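Worksheet: one structure, shown below.
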Amino acid sequence: MHIREKHGEHAPETHVTPLWIYLSVFGALLAGTALTVMAAQVDLGAMNTPVAMAIATAKAVLVILFFMHLIYSNRLTWVVVVASFIWLGILFLLTFSDYLTRLWAIY
């Protein structure tokens, strides 16, 4: 029985996340940390930074979805979070395009 059914229609809807989900996400974050350490030990050349960023992004998404309860949030919260990730991508794109077009980066 949901809280809304018990207290009437105007009661706020709450969601109780089961403990096994938190433990699973924690295990995935530990595995991501181990993967980050292993990736740092291997020389991937130019792919070191993209691999590290991909692992960090996956871990950040897990934290945002489950520990910050975004997965149970309304659409407006989703729009704000997605817009912030798009803005972060734009900032990375502009920064990397500036860095990669400088002459001193070639030498």
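Note that the structure is a prediction, hence the values are computed from the model and not measured. Numbering of residues begins at 1 and proceeds along the displayed sequence.
There is a side-chain donor-acceptor pair under 3.5 Å between Asn74 and Thr77.
Closest non-hydrogen pair, Ala39 versus Ile55, comes out as CB-CD1, 4.2 Å. For Leu70 against Trp78, the heavy-atom pair with the smallest separation is O-NE1, 3.1 Å.
A continuous path of hydrophobic side-chain contacts links Trp20 to Val25 [ILVMFWY only; heavy atoms under 4.5 Å]. Met53 and Met47 fall into different hydrophobic clusters, where Ile, Leu, Val, Met, Phe, Trp and Tyr are joined by side-chain heavy atoms under 4.5 Å apart, directly or via other members. Two different hydrophobic clusters hold Val51 and Val37 under the rule that ILVMFWY side chains link at heavy-atom gaps under 4.5 Å. Residues Val61 and Tyr72 share a hydrophobic cluster, clusters being chains of Ile/Leu/Val/Met/Phe/Trp/Tyr side chains in contact below 4.5 Å. One hydrophobic cluster holds both Val82 and Ile90 under the rule that ILVMFWY side chains link at heavy-atom gaps under 4.5 Å.
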Report the C-alpha distance between Phe66 and Ile71 in whole Å, list the side-chain angles of each, state the deciding distance to 0.1 Å, and finish with yes or no for side chain to side chain contact (heavy atoms under 4.5 Å, CB included).
CA-CA 6 Å; Phe66 293 100; Ile71 201 163; 4.0 Å; yes
In sequence, state the C-alpha distance, the side-chain angles, and the governing distance for Met68 and Val81, and then conclude on side chain to side chain contact (heavy atoms under 4.5 Å, CB included).
CA-CA 11 Å; Met68 296 176 71; Val81 170; over 6 Å; no
Take Leu94 and Asp98 through the side chain to side chain contact (heavy atoms under 4.5 Å, CB included) test and state the conclusion after the steps.
CA-CA 6 Å; Leu94 291 173; Asp98 178 47; over 6 Å; no
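Taking the six-membered ring where tryptophan is involved, the planes of Phe92 and Phe96 are essentially parallel, since the angle between them stays under 30° and well short of 60°.
Expressed to the nearest 0.5 Å, how far CG of Leu62 lies from CZ of Phe67 amounts to 8.5 Å.
In the displayed structure, Phe26 atom CZ is contacted under 6.0 Å by at most 12 heavy atoms of other residues, nucleotides or ligands.
Contact of the Asn48 side chain with the Asp43 side chain is registered, since non-hydrogen atoms from C-beta on lie closer than 4.5 Å. Looking at heavy atoms from C-beta onward, Ile64 lies in side-chain contact with Phe85 at the 4.5 angstrom threshold. In this structure the side chain of Thr36 reaches within 4.5 angstrom of the side chain of Lys59, judged on heavy atoms.
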